[in-house]
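To start, the structure under review is shown below, and the notes come after it.
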Amino acid sequence: MKNIVIGQYVPGKGFFYRLDPRTKIIAVVFLMVAVFLLESILQVSIALLVTLFLMILGRISIGRVAKGLRPLFVLLVFTFSFQIFLNREGARLLAQPMNIGLYSLLAVLVITVLWRLLARFKKFKGALFLLWLSGVYALFAFLPAAGPIYKVFDFEIYESGVVTSIFVVVRLLIVISLSTVLTLTTKPTDLTQGLESLLRPLKRLGVNSDDFALIISISLRYIPTILDEANKIMLAQASRGADFNEGKLVEKVKQIVSLLIPMFIIAFKRSEDLADAMESRNFVPGKPRTRIHDLSFGATDLVTAIFTVIVFAGAIVLRVLP
Amino acid sequence: MVMLLSFLEIRNLSFSYNQKRMVLKHVDLAVERGEWIAVLGHNGSGKSTLAKTIVGLLRPAEGTITVDGITLSDETAYDVRRKVGIVFQNPDNQFVGVTVKDDIAFGMENLSVPKEEMLQKIAFYAEKVGMADYLDKEPSALSGGQKQRIAIAGILAMKTDMIIFDEATSMLDPTSRRELMDYIKTLHQEGLTILMITHDIEEALMADRLVVLKDGAVFADDTAEHLFQRPEAFREAYLELPSALRIYYELEAAGDMTPPLATTLWRFGSGK
């Protein structure tokens, strides 16, 4: 609990670590837009290779970036299937009649239960999922159309569906990798400071980016403290007989309430104390302050800026040219 | 006629959270520059409220507070806080920065100290409180005593003349507590004015003068030597005597019938 890491930041050295957070944020935004301007599968594939090359150059472990992709796996699968099933242009590559009937549905139910039972072997999670998916396909496709049949339809895959789905997935992969590189190499505090500096022009519209950045950095600072506290309260409640893991849903909710109420009370007390401490050290909201960390652009930022401009311009040219 | 003011001058101070019950009642207190005052009192005697009123975190119902010639008001609170800093009880709840360095800088940032000067001062005061090796550490990696020392460094860096310790040692383990007390002693020797709020009589003994609060009013304001002449005063203010004195008076009260010293001590130890 003590050494909890907030965000995805991994300490390290290398090109991306030396960059000013503002450069990184702007570059990532522009590169993302550039990727969305690309139109052909060849272009995005080259872009993916360039991204990989840059990560290797910046000595960022690809494995870590892949880890960052994991939570978005469902999104990727969804986008992929959406495109492949619904796009009906170009040559037809596959047409398979599917029988959706009582027996095939029951069979699918059985393998779904089997799949969930095996899901505790976390190592083979991906493989099991694919196995289940092909199982579902096989059952619908090859189980004879016997029994009370509800519907028969053709499962079709078209050329353009395959191309677009790969295109969309590669594009998403690049975009997610780019943002992962940003969060892997930038401390949360630097990130907020960069954002604050970029949002500064909004001050004229009445948005105080200074206070916003302070709020974020204080929240980040208190996350470990509050987690620690949650742990203590859970132990305290457990010693009085609360059990956070077992019991019916209603009981579980009750147990969680017994955790949340003290947490809220303590958090309010804490924020009052903190406000006193800040005020006693002459903090006045909205008043200009100097900063111990100021951001400054260097040679690496210039290189990045030039690279970003070239890529962005290139993407526009490719888009405009026939 | 020119009145000679003390560094901190509190006159007829009253405070109430809800109009019904006065938490502070007509408190008068003067602290000279370089003095070390301990404010003692039972739970709910108003000692923490007093501390918060001095730095303008609470607005008094009545009375005036003057710090180094500046009379505290909403307009002058900023200037008063440049002269008086406060270290609170809970080490975690006053640590603003993400790292030690950021926390020491916080007060200076608020005073718009230029960056170069801040870096110099951070290095200097971190060294002074013995935390120079911890500058990039996060608060979760520090002990309570270390966090309190960082709080002191942050206040010293603001060039304050006086520090209020609001039960600053009460959440620390005995070793950290002793270390912090020793450190406060050093600060005092260097000329800092100290107002220490505590309910620990042994800690209060280190001060030049003891101010005892009872139910929001000043019950006694004297040196330790004088106060200990009348032990009944402590009982009246719901305070305990230091253990050495308690034994002394108990033995004295036993008079002719004095049992062997060991028996008496044993009775104290066992609480019978």
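Throughout, protein chains are lettered first and strands after them, A, B, ... in sequence-line order, and every chain is numbered starting at 1. Worth saying up front: this structure is predicted, and the values here are computed from it rather than measured.
Counting heavy-atom pairs closer than 4.5 Å to chain B, the top-ranked of the candidates A:M278, A:E272, A:R289 is A:R289. Counting heavy-atom pairs closer than 4.5 Å to chain B, the top residue among A:L274, A:I292, A:L214, A:N282 is A:N282. Most heavy-atom pairs under 4.5 Å with chain A: of the set B:P139, B:A105, B:A77, this distinction falls to B:P139. When each of B:T99, B:V96, B:L111, B:I122 is checked for heavy-atom pairs under 4.5 Å with chain A, B:V96 comes out on top.
Put simply, the side chain of B:R149 gets close to the backbone of B:V129: a donor and an acceptor are under 3.5 Å apart. Side-chain N or O atoms of B:T193 include none that pairs as donor or acceptor with a backbone N or O of B:M162 at under 3.5 Å.
Of the N and O atoms on the side chains of B:E167 and B:T198, not one donor lies less than 3.5 Å from an acceptor on the other residue. There is a side-chain donor-acceptor pair under 3.5 Å between A:D273 and B:N93. With hydrogens and angles left out, the side-chain atoms of B:S170 and B:Q89 include a donor and acceptor closer than 3.5 Å. A donor-acceptor contact closer than 3.5 angstrom links the side chains of A:K287 and B:Y78.
Applying the salt bridge (charged side-chain N to carboxylate O under 4.0 Å, His left out) test between B:D68 and each of B:R82, B:R81, B:K83 identifies B:K83 as the sole match. Applying the salt bridge (charged side-chain N to carboxylate O under 4.0 Å, His left out) test between A:R221 and each of B:D92, B:D103, B:D102 identifies B:D92 as the sole match.
When heavy atoms are compared at a cutoff of 4.5 Å, B:F88 approaches chain A solely by way of its side chain, counted from C-beta outward. Using a 4.5 Å cut-off between heavy atoms, A:T225 touches chain B through its side chain atoms alone.
A cation-pi geometry, defined here as NZ or CZ lying under 6.0 Å from the six-membered ring centre and within 45° of its normal, holds between A:R22 and A:F297.
Proximity to chain A among residues 151-161 of chain B is limited to B:G154, B:M158, judged by heavy-atom separations below 4.5 angstrom.
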